[in-house]
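Counting starts at 1 for both ligands and their atoms, following the listed order. As the structure is a computational prediction, the values presented were derived from the model and not from experiment.
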Amino acid sequence: MLIVQKFGGSSVADPARIARVAGRVKKVVLDGNQVVVVVSAMSDTTDELLALAQEVGRDPSPREVDMLLATGEQVSCALLSMALAALDCPAVSLTGGQAGIRTDGVHGKGKIVGVDTKRLVSELQQGRTVVVAGFQGLDPGGEIVTLGRGGSDTTAVALAAALGAGVCEIYTDVDGVYTADPRLVAEARKLDVVSHDEMLELASLGAVVLHPRAVELAKLYGVPLVVRSSFHDGPGTLIKEVGDMEKAAVVSGVAHDANVAKIGLFDVEDRPGIASRIFQELARENINVDMIIQGAMRDGRNDIAFTVSRDDLPRALEAVRNIQHQVGAKGVTYDEGLAKISIVGAGMVSFPGVAAAMFEGLAQAGINIAMISTSEIKVSCVIQRADIERAVRVLHLKFGLEKPGG
Ligand code: ADP
Ligand code: ASP
Ligand code: MG
């Protein structure tokens, strides 16, 4: 079978761990499988490179930042390939571009648009294990583009889809996907199976254990996806299509995102085209807008507030200030100290009162809600960042998630 295995930053944090990963990969090869390995940068390398960029240039260009960040994954893929060779397991390391990964041209948030598998297939046919640098590809102009934080997961699933792999295994520092971040909630429970839709929500709402685009691609191309520990054996969590007839949990998990910022425009004109003008400007700058609230209109004027990731705040504020006068806004406010707490569950659509229970849990803990948004399978609330860890624990308990079937 052809297997794609992805090892995250903590799994390749130092030479000893890289040697352990090599041993693990070799076993799978000796069992008669072809293996493509995708690696992240060692440990906190990506953060360190970003900090370096900030030290030398106040506003470094996204192209140069991508050039810099891509080196992190190149280091770990070369080292793992050497470690495999040391175990007499023939291997070759490839950059994302060499592995045929083609992206759009959005630096720092690139999307994989295709994979040219020629080189990969030829290396595998020659009996080599291929070690690919995650999180990067080449755009149509031949420029290096990175895929956004956590993007190596997406590299792995994209390669698995393009090669028709039997399974894509994501090896990380936890045993699988839990009912909440196990670093915050000691009672969090590992889930054996999660549906694509629930996993996509959890990942998009802040559960960094998987990159949302990886889940999306796995669903789209039917790639069997498993999250497992790189330190212990165990079945991990399987992400798969769950039939409607199977019992869906009302609430499967709690996700949080501690990096939320809100921008408000007040007293904008109430006429067609205003919202379109504001959000087109943000889209042009490739800024993802999350929640949007337009307040009740007074005297022909509206207040509009929306949230963005804290990293995007400076650029979003600049974009909004550029058009503030065109939309007749009297003022622009912002708050960068926010967070988002969400509950996710495919079964909540048929259970009234889930949102009410969430608001009650937060109220009992004295946590104020700034914004709310809902869909069939999730409810999200924006709250103060200082409250986020408490909110995760309070809601985990409120919905009895520590108990199987809770
Ligand atoms: P890697 O470097 O292997 O990609 P990440 O740090 O990106 O690892 O993802 C693993 C981390 O995700 C865990 O250490 C955990 O703290 C965090 N996490 C957040 N939410 C969840 C969740 N629901 N289940 C499991 N882990 C989670
Ligand atoms: N190294 C990148 C990051 O830290 C990509 C990844 O690990 O998936 O975000
Ligand atoms: Mg990750």
Checklist line | Spacing of NZ belonging to Lys190 relative to CG belonging to Asp192, to within rounding of 0.5 Å | finding: 4.5 Å
May I ask whether [X] places a heavy atom under 4.0 Å from ligand 2?
{"X": "Gly134", "value": "no"}
{"X": "Gly151", "value": "yes"}
{"X": "Glu73", "value": "yes"}

Check: Relative to the heavy atoms of Ser40, which atoms of ligand 2 are at a distance of less than 4.0 Å?
Finding: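 Near Ser40, meaning under 4.0 Å from one of its heavy atoms, ligand 2 has 6 (C), 7 (O), 8 (O).
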Checklist line | Close-contact set for ligand 2 against Gly150 heavy atoms, below 4.0 Å | finding: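 Near Gly150, meaning under 4.0 Å from one of its heavy atoms, ligand 2 has 3 (C), 5 (C), 6 (C), 8 (O), 9 (O).
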[X] heavy atom under 4.0 Å from ligand 1:
{"X": "Gly150", "result": "no"}
{"X": "Val208", "result": "yes"}
{"X": "Pro182", "result": "yes"}

Note to self: What I want to know is whether Asp181 and ligand 1 share at least one N or O pair that is separated by under 3.5 angstrom.
What the structure shows: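 Yes - when backbone and side-chain N and O of Asp181 are compared with those of ligand 1, one distance drops under 3.5 Å.
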Next item on the list: Say whether Lys6, considering both its backbone and side-chain N or O atoms, lies within less than 3.5 Å of an N or O atom on ligand 1.
Entry: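 For ligand 1, there is an N or O atom that lies under 3.5 Å from one belonging to Lys6.
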What protein heavy atom sits nearest [atom], and how far away is it?
{"atom": "atom 9 (O) of ligand 2", "answer": "Arg149 NE, 2.7 Å"}
{"atom": "atom 3 (O) of ligand 1", "answer": "Thr172 OG1, 2.6 Å"}
{"atom": "atom 25 (C) of ligand 1", "answer": "Gly176 O, 3.3 Å"}
{"atom": "atom 2 (O) of ligand 1", "answer": "Gly9 N, 3.0 Å"}
{"atom": "atom 24 (N) of ligand 1", "answer": "Tyr178 N, 2.9 Å"}

Option with minimal heavy-atom separation from [atom], where the choices are [options]:
{"atom": "atom 26 (N) of ligand 1", "options": "Val209, Val227, Thr46, Val185", "result": "Val209"}
{"atom": "atom 6 (O) of ligand 1", "options": "Arg183, Lys190, His211", "result": "Arg183"}
{"atom": "atom 11 (C) of ligand 1", "options": "Leu191, Asp173, Thr179", "result": "Asp173"}

Check: Can you list the residues that meet the side chain to side chain contact (heavy atoms under 4.5 Å, CB included) rule with Ser375, with sequence neighbours excluded?
Finding: Glu201, Ile377, Lys378
Check: Any nitrogen or oxygen of Ser152, main chain or side chain, under 3.5 Å from a nitrogen or oxygen of ligand 2?
Finding: yes
Item checked: For Ala180, the ligand 1 atoms whose distance to one of its heavy atoms is below 4.0 Å ->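 The atoms of ligand 1 under 4.0 Å from a heavy atom of Ala180 are 22 (C), 23 (N).
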Next item on the list: Give the atoms of ligand 1, by number and element, whose distance to some non-hydrogen atom of Val177 is under 4.0 Å.
Entry: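 Within the 4.0 Å cut-off of Val177, ligand 1 contributes 24 (N).
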Next item on the list: Given side-chain hydrogen bond (donor to acceptor under 3.5 Å, both in side chains), test Glu187 with His396 step by step and report yes or no.
Entry: CA-CA 9 Å; Glu187 301 76 29; His396 198 270; 5.2 Å; no
Does [X] [atom1] have over 12 foreign heavy atoms under 6.0 Å away?
{"X": "Lys111", "atom1": "NZ", "value": "no"}
{"X": "Phe359", "atom1": "CZ", "value": "yes"}
{"X": "Glu285", "atom1": "CD", "value": "yes"}

Note to self: The test is side-chain hydrogen bond (donor to acceptor under 3.5 Å, both in side chains); show your working for Glu73 and Ser76 and say whether it passes.
What the structure shows: CA-CA 5 Å; Glu73 269 68 12; Ser76 48; 6.0 Å; no
Please output the side-chain donor-acceptor pairs of residues 48-66 that fall under 3.5 Å, not counting sequence neighbours, one pair per line with the distance.
residue	atom	partner	partner atom	Å
Ser61	OG	Arg63	N	3.4
Ser61	OG	Glu64	N	3.2
Arg63	NE	Glu143	OE1	3.0
Arg63	NE	Glu143	OE2	3.1
Arg63	NH2	Glu143	OE1	3.1
Asp66	OD1	Gly108	N	3.4
Asp66	OD1	Thr146	OG1	2.6
Asp66	OD2	His107	ND1	2.8
Asp66	OD2	Gly108	N	3.0
Asp66	OD2	Thr146	N	3.1

Next item on the list: Mark yes or no for whether Ser93, through its side chain, and Ser81, through its backbone, hold a donor-acceptor pair below 3.5 Å.
Entry: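 Pair absent, no side-chain N/O of Ser93 close to backbone of Ser81.
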Note to self: Using only atom types and a distance under 3.5 Å, with no angle test, would you say the side chain of Asp173 pairs donor to acceptor with the backbone of Ser10?
What the structure shows: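 Not a single qualifying donor-acceptor pair exists.
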Next item on the list: Take Tyr171 and Phe231, measure what ring pair (Phe, Tyr, Trp, His ring centres under 6.0 Å) needs, and give me the verdict at the end.
Entry: CA-CA 9 Å; Tyr171 286 90; Phe231 306 120; over 10 Å; no
Item checked: Side-chain touch Gln384/Leu338, heavy atoms, less than 4.5 angstrom ->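 They are in contact (side-chain heavy atoms under 4.5 Å apart), so the answer is yes.
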Item checked: Side chain, backbone, both or neither: Arg149 near ligand 1, heavy atoms under 4.0 Å ->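 Neither part.
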Next item on the list: Please state which part of Val174 comes within less than 4.0 Å of ligand 1, counting heavy atoms only: side chain, backbone, both or neither.
Entry: side chain
Next item on the list: Please step through side-chain hydrogen bond (donor to acceptor under 3.5 Å, both in side chains) for the pair Arg119 and Gln98, ending with a clear verdict.
Entry: CA-CA 7 Å; Arg119 174 80 187 266; Gln98 287 174 321; 5.3 Å; no
Item checked: Asp290/Lys262 ion pair, N-O < 4.0 Å -> no
